[in-house]
Amino acid sequence: MANASTARKTERPQGDIQFVDLAAQRARIGKAMDDAVLHAIHDGKYILGPQVTQIEKDLSAFCGAKHVITCANGTESLGLFLMAKGVRPGDTIFVPAFTFVATAEVVAWLGATAYFVDIDPDTFNICPNSLAAAIEEAKTKGMKPCGIIAVDLFGLPADYPAIEKIAKDHGMWVMSDAAQGFGGSINGKKIGTFGDVTSTSFFPAKPLGCYGDGGALMTDDDAMADLLRSLRFHGKGEDKYDNVRIGMNSRLDTVQAAILIEKLKIFGEELDERQKVADRYTAALSDIVKTPKLPSGYTSAWAQYTLTLPEGANRDAIIAACKAEGVPTMVYYPIPLSKQKGYAHYPSVSTGVPVSEDLAQRVLSLPMHPYLDNATQDYIIDVVRSALQK
Ligand SMILES: *Cc1c(COP(=O)(O)O)cnc(C)c1O
């Protein structure tokens, strides 16, 4: 009997297949980045140097937000906004149950209550109906709903038009957790301009990553921007030894800013390449498995390309079959936050979060980056198809 690999039409590429290929990006712009890093080091302005001011301007020009305030990482960008809003014990903040832990972690930092909401099965993002129900019932229970953190999971913008309307009806704020979504848009309006504030991460594997930790906040609100700049720098007032409020130390390194300046120059092209990779996966796989779909008017930053396996599929066996053929896959995320040990004591909407619980069992992300060549992708598709059909 012919085994799977001899039946295959494609050949295994030489070298390891990368889930995210940062080396390929370095091969393209490594020299420019090295020069920029050395320049920053020779320049000696290591904390909030001119490159930090420059990348804040460049990011603002890219996404259309009036102010960009960089900070140390994506998690702290979320936390800084909650600090700016004066979030405290007794406040209730609505978050999707299916996301990276940081979205709820920052709520816990401030002693507030995270309230888990279910997601939409087609977008993986917070479900507006579940959100509206959760807010109503929290009010009935005498809780104090004050804000919503929407996440652009896997790079797809959340349903901001619906979420902003719900927030307005209840006098609540909206933070866009765009750690994965920066680069996406809805009807031409870019991520960075939805809600009251947007936060993002420059963790290396994010669509726009640096070479360490980094993050940023975006807003059109002048007073909020000033407050965030103060909070990221020990609550500074007129100067750094004038401390007018309790803040923290959360700044983007000058060296990381220098790297981001170079990477942002090619980010638009990289987003186009990610879209092409996504289109090729969808064309080759949608007949046998549920592939991600963009709602009309939406563009995604394609942080991940995530399949929804059929009910009852043996995901572990599929992962193992791919791995045996050299194809790396990832499960984002295996456990919804509502079931995580550290978070299980927080409330969920009374109808539960069944979609989050179900999808945690069925999602599977494939290699996704702008430098995935056609031959390698064809091989991945071949391996995934046969793993799914076993
Ligand atoms: C990565 C991520 C964060 C946190 O970013 P860090 O820079 O790693 O702190 C927050 N939210 C989401 C949805 C993320 O994917």
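This one's a predicted model, so the numbers in the text were calculated from it and none came from an experiment. Numbering of ligands and ligand atoms starts at 1, following listing order.
- Using a 4.0 Å cut-off between heavy atoms, Glu76 makes no contact with ligand 1 at all.
- The closest non-hydrogen atom to atom 15 (O) of ligand 1, taken over Lys206, Gln304, Glu105, comes from Lys206.
- Side-chain atoms of Asp196 come within 3.5 Å of backbone N or O of Val174 as a donor-acceptor pair.
- From the protein, the heavy atom lying nearest to atom 9 (O) of ligand 1 is Thr75 OG1, 2.5 Å.
- Residue-to-ligand polar distances place Asp177 within reach of ligand 1: an N/O pair is separated by less than 3.5 Å.
- Taking the six-membered ring for Trp and thresholds of 30 and 60 degrees, Phe62 and Phe267 have ring planes inclined between 30 and 60 degrees apart.
- With Gly209, Ala179, Gly181, Gly79 as candidates, the residue nearest to atom 12 (C) of ligand 1 on a non-hydrogen basis is Ala179.
- Smallest separation of non-hydrogen atoms from Lys236 and Lys240: CB-CA, 4.0 Å.
- Counting heavy atoms closer than 4.0 Å to ligand 1, residue Val151 contributes side-chain atoms (C-beta onward) but none from N, CA, C or O.
- Of the possible polar contacts, one joining the Glu137 side chain to the Ser350 backbone as a donor-acceptor pair under 3.5 Å is found.
- Between Glu56 and the options Arg251, Arg232, Lys66, a salt bridge (charged side-chain N to carboxylate O under 4.0 Å, His left out) holds for only Arg232.
- Here's the thing with Gly74: one of its N/O atoms is less than 3.5 angstrom from an N/O atom of ligand 1.
- Listed for the Asn73 side chain is no donor-acceptor partner under 3.5 Å among the backbone atoms of Gly214.
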